[in-house]
Amino acid sequence: MSQKSYVAGSAYPPLENGVLRIYSMRFCPYAQRTRLVLQHKNIPHENVNVHLLKKPEWFLERNPFGLVPTLEINDKVIYESNICSQYLDDVYPGDKLTPSDPYQKARDQMLIDTFGKVIGHYYKVARHGEDLEDLKKSLKRYDEELAKRGKYFGGNDKPCLVDFALWPWFERFPLLEENGLKLTEAEFPNLLVWIKTMYQLPAVKATMFDKESHKRFVISYRAGNPDYDFGL
């Protein structure tokens, strides 16, 4: 199946019974969250990329909000990135990414849900160079949490849903260097080790883009003509 984005007016690509499909966009950090889980758990699936400015009608029938990621299998449709990731972890075998202890599971979910504050500061820094200190302040909590947990947010042995929910923005942090963001060892010793560790994960290698590719996409996005198919 072509990785190029399907646009409005394109024919719906038939979906075989029992096949899991993710509707995605190659440069979307939210879709990357779920693609990371798919890769890490080695879940068989097919990928359909959609043009988010010219959404196919059949995609809007499946997700009226027109957002990625969206999962489809048989007559089931699931959307919202964290819900998609949790669904995959609940349904498919392989490394369990959520703890069995309810309290620890709640603590993990708190880290994911409140990461929205980091994301908000990230985009303000990216667009206007504002909120740099607020961004650093909000990141400090995650550095401190790693000091308690180990190499990953899931502990020393393996990542958990928290790692994959946060990672896409850390992959994009180098884009903020020209706006003054620099994570130093003095301020963020644990996060810097975590970043290096995450880059070694096969799931990260399978879903990541380098800084230049991200930059090219952002430039096209800001110009009002996002190149969803850059590099294909």
Side-chain angles (χ1 to χ4, degrees), residues 22-25 27-41 43 45 63 65 67-71 77-92 94-126 131 134-173 176 181 183 188 190-204 206-208:
I22 179 172
Y23 297 99
S24 183
M25 188 275 276
F27 294 97
C28 175
Y30 293 96
Q32 188 181 4
R33 282 175 158 177
T34 300
R35 290 191 292 114
L36 283 161
V37 175
L38 286 165
Q39 292 291 333
H40 183 75
K41 291 177 71 76
I43 299 172
H45 66 282
N63 184 342
F65 300 101
L67 300 174
V68 294
T70 296
L71 298 175
V77 174
I78 301 111
Y79 44 80
E80 295 298 317
S81 61
N82 291 325
I83 294 173
C84 288
S85 296
Q86 185 64 65
Y87 172 81
L88 294 174
D89 197 44
D90 289 341
V91 172
Y92 291 90
D95 270 352
K96 197 67 178 169
L97 298 174
T98 48
S100 56
D101 176 65
Y103 178 68
Q104 189 59 48
K105 186 174 182 178
R107 296 289 301 179
D108 283 6
Q109 196 61 50
M110 288 160 58
L111 287 174
I112 294 172
D113 287 356
T114 56
F115 192 70
K117 297 182 184 299
V118 176
I119 296 172
H121 295 316
Y122 171 92
Y123 287 116
K124 284 188 177 180
V125 174
D131 280 19
D134 288 332
L135 174 58
K136 287 186 175 183
K137 190 182 298 183
S138 63
L139 285 173
K140 195 64 181 174
R141 170 171 168 247
Y142 291 87
D143 190 84
E144 292 168 353
E145 191 68 26
L146 278 170
K148 303 172 190 174
R149 289 175 174 239
K151 189 164 62 171
Y152 301 104
F153 286 95
N156 281 319
D157 297 330
K158 62 176 186 175
C160 66
L161 278 188
V162 179
D163 297 276
F164 294 134
L166 275 51
W167 174 255
W169 284 271
F170 282 90
E171 181 180 308
R172 290 157 176 79
F173 270 15
L176 302 185
L181 179 67
L183 302 183
F188 302 104
N190 302 294
L191 276 173
L192 286 174
V193 171
W194 176 76
I195 290 169
K196 291 179 182 178
T197 303
M198 289 292 290
Y199 269 121
Q200 301 309 308
L201 285 178
V204 169
T207 62
M208 68 172 285

Trainee: Determine, using ring centers only, whether Phe115 and Tyr142 are less than 6.0 Å apart.
Mentor: yes
Trainee: Return the set of residues passing salt bridge (charged side-chain N to carboxylate O under 4.0 Å, His left out) with Lys136 (not counting sequence neighbours), or none when no residue passes.
Mentor: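 Glu187.
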Trainee: Taking only residues two or more places apart in sequence or in another chain, which ones pass side chain to side chain donor-acceptor pair (under 3.5 Å) with Asn63?
Mentor: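 Only Thr70 meet the side chain to side chain donor-acceptor pair (under 3.5 Å) criterion with Asn63.
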Trainee: Can you tell me how far the NZ atom of Lys140 sits from the CG atom of Leu191, to the nearest 0.5 Å?
Mentor: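 Rounded to the nearest 0.5 Å, the NZ-CG separation comes to 8.5 Å.
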Trainee: Are any non-hydrogen side-chain atoms of Pro69 and Ser24 less than 4.5 angstrom apart?
Mentor: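 No, every pair of side-chain atoms sits at 4.5 Å or beyond.
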Trainee: Residues two or more places apart in sequence or in another chain: which of them pass ring pair (Phe, Tyr, Trp, His ring centres under 6.0 Å) with Tyr199?
Mentor: Trp167
Trainee: Could you give the distance from CG (Asp113) to CG (Asn82), rounded to the nearest 0.5 Å?
Mentor: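 Interatomic distance, Asp113 CG to Asn82 CG, rounded to 0.5 Å: 6.5 Å.
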Trainee: Taking only residues two or more places apart in sequence or in another chain, which ones pass side chain to side chain contact (heavy atoms under 4.5 Å, CB included) with Ile83?
Mentor: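 Checked Ile83 against side chain to side chain contact (heavy atoms under 4.5 Å, CB included); matches are Ile78, Glu80.
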Trainee: Below 4.5 Å, heavy atoms only, C-beta onward: do Lys151 and Met198 meet side chain to side chain?
Mentor: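 When only atoms from C-beta onward are counted, Met198 and Lys151 do not touch, as no gap falls below 4.5 Å.
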Trainee: Would you say Tyr30 and Ile119 make side-chain contact, with heavy atoms under 4.5 Å?
Mentor: yes
Trainee: Would you compute the distance between atom NZ of Lys117 and atom OG of Ser138 and round it to the nearest 0.5 angstrom?
Mentor: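 Answer for the NZ-OG pair, Lys117 versus Ser138, is 9.5 Å.
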Trainee: Please list, chain by chain and in numerical order, all residues satisfying side chain to side chain donor-acceptor pair (under 3.5 Å) with Arg141, sequence neighbours excluded.
Mentor: Thr114
Trainee: Under 3.5 Å, which donor-acceptor pairs do the side chains of residues 157-166 form with other protein atoms, sequence neighbours left out?
Mentor:
residue, atom, partner, partner atom, Å
Lys158, NZ, Lys96, O, 3.1
Asp163, OD1, Phe153, N, 2.9
Asp163, OD1, Trp194, NE1, 2.7
Asp163, OD2, Phe153, N, 3.3
Asp163, OD2, Gly154, N, 3.3
Asp163, OD2, Cys160, N, 2.8

Trainee: Using the test side chain to side chain contact (heavy atoms under 4.5 Å, CB included), find all partners of Val193 that sit at least two apart in sequence or belong to another chain.
Mentor: Thr197
Trainee: Quick one: side chain to side chain donor-acceptor pair (under 3.5 Å) partners of Asp90, sequence neighbours excluded?
Mentor: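 If we apply the side chain to side chain donor-acceptor pair (under 3.5 Å) test to Asp90, skipping adjacent residues, the hits are Gln86.
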Trainee: Working to the nearest 0.5 angstrom, can you tell me the gap between Asp89 CG and His40 NE2?
Mentor: 9.0 Å
Trainee: Check the pair Arg172, Met208 against side chain to side chain contact (heavy atoms under 4.5 Å, CB included), reporting the backbone distance first and the verdict last.
Mentor: CA-CA 10 Å; Arg172 290 157 176 79; Met208 68 172 285; over 6 Å; no
Trainee: Looking only at heavy atoms, which two atoms of Val68 and Cys28 are closest? And how far apart?
Mentor: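 Of all heavy-atom pairs spanning Val68 and Cys28, the closest is CG2-SG, 3.8 Å.
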Trainee: For Glu145, which residues count as a salt bridge (charged side-chain N to carboxylate O under 4.0 Å, His left out) partner, sequence neighbours excluded?
Mentor: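 In terms of salt bridge (charged side-chain N to carboxylate O under 4.0 Å, His left out), with neighbours along the sequence ignored, Glu145 is linked to Arg149.
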Trainee: Please round to the nearest 0.5 Å and tell me the distance separating atom CG of Leu181 and atom CG of Leu139.
Mentor: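 These two atoms lie 7.5 Å from each other.
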Trainee: Quick one: does Leu135's side chain get under 4.5 Å of Val118's, heavy atoms only?
Mentor: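 Yes, at least one pair of side-chain atoms sits under 4.5 Å.
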Trainee: Taking the side chain as everything from C-beta on, heavy atoms only, tell me whether Pro168 gets closer than 4.5 Å to Arg33.
Mentor: yes
Trainee: Would you mind reporting whether Asp143 and Leu183 have side-chain heavy atoms less than 4.5 Å apart?
Mentor: no
Trainee: Does Phe173 have any ring pair (Phe, Tyr, Trp, His ring centres under 6.0 Å) partners at least two apart in sequence or in another chain, and if so, which?
Mentor: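 Partners of Phe173 by the ring pair (Phe, Tyr, Trp, His ring centres under 6.0 Å) criterion, ordered by chain and then number, come out as Tyr122, Phe170.
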Trainee: Give, for atom CG of Leu71 and atom NE2 of His45, the distance between the pair rounded to the nearest 0.5 Å.
Mentor: 9.5 Å
Trainee: Mind checking side chain to side chain donor-acceptor pair (under 3.5 Å) for Gln104 and listing every partner two or more places apart, or none if nothing turns up?
Mentor: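 Asp108.
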Trainee: Can you name the salt bridge (charged side-chain N to carboxylate O under 4.0 Å, His left out) partners of Lys124, sequence neighbours left out?
Mentor: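 Result, salt bridge (charged side-chain N to carboxylate O under 4.0 Å, His left out) vs Lys124: Asp131.
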Trainee: Taking the side chain from Lys41 and the backbone from Asp95, do they hold a donor-acceptor pair closer than 3.5 Å?
Mentor: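 Yes, Lys41 side chain to Asp95 backbone: donor-acceptor pair under 3.5 Å.
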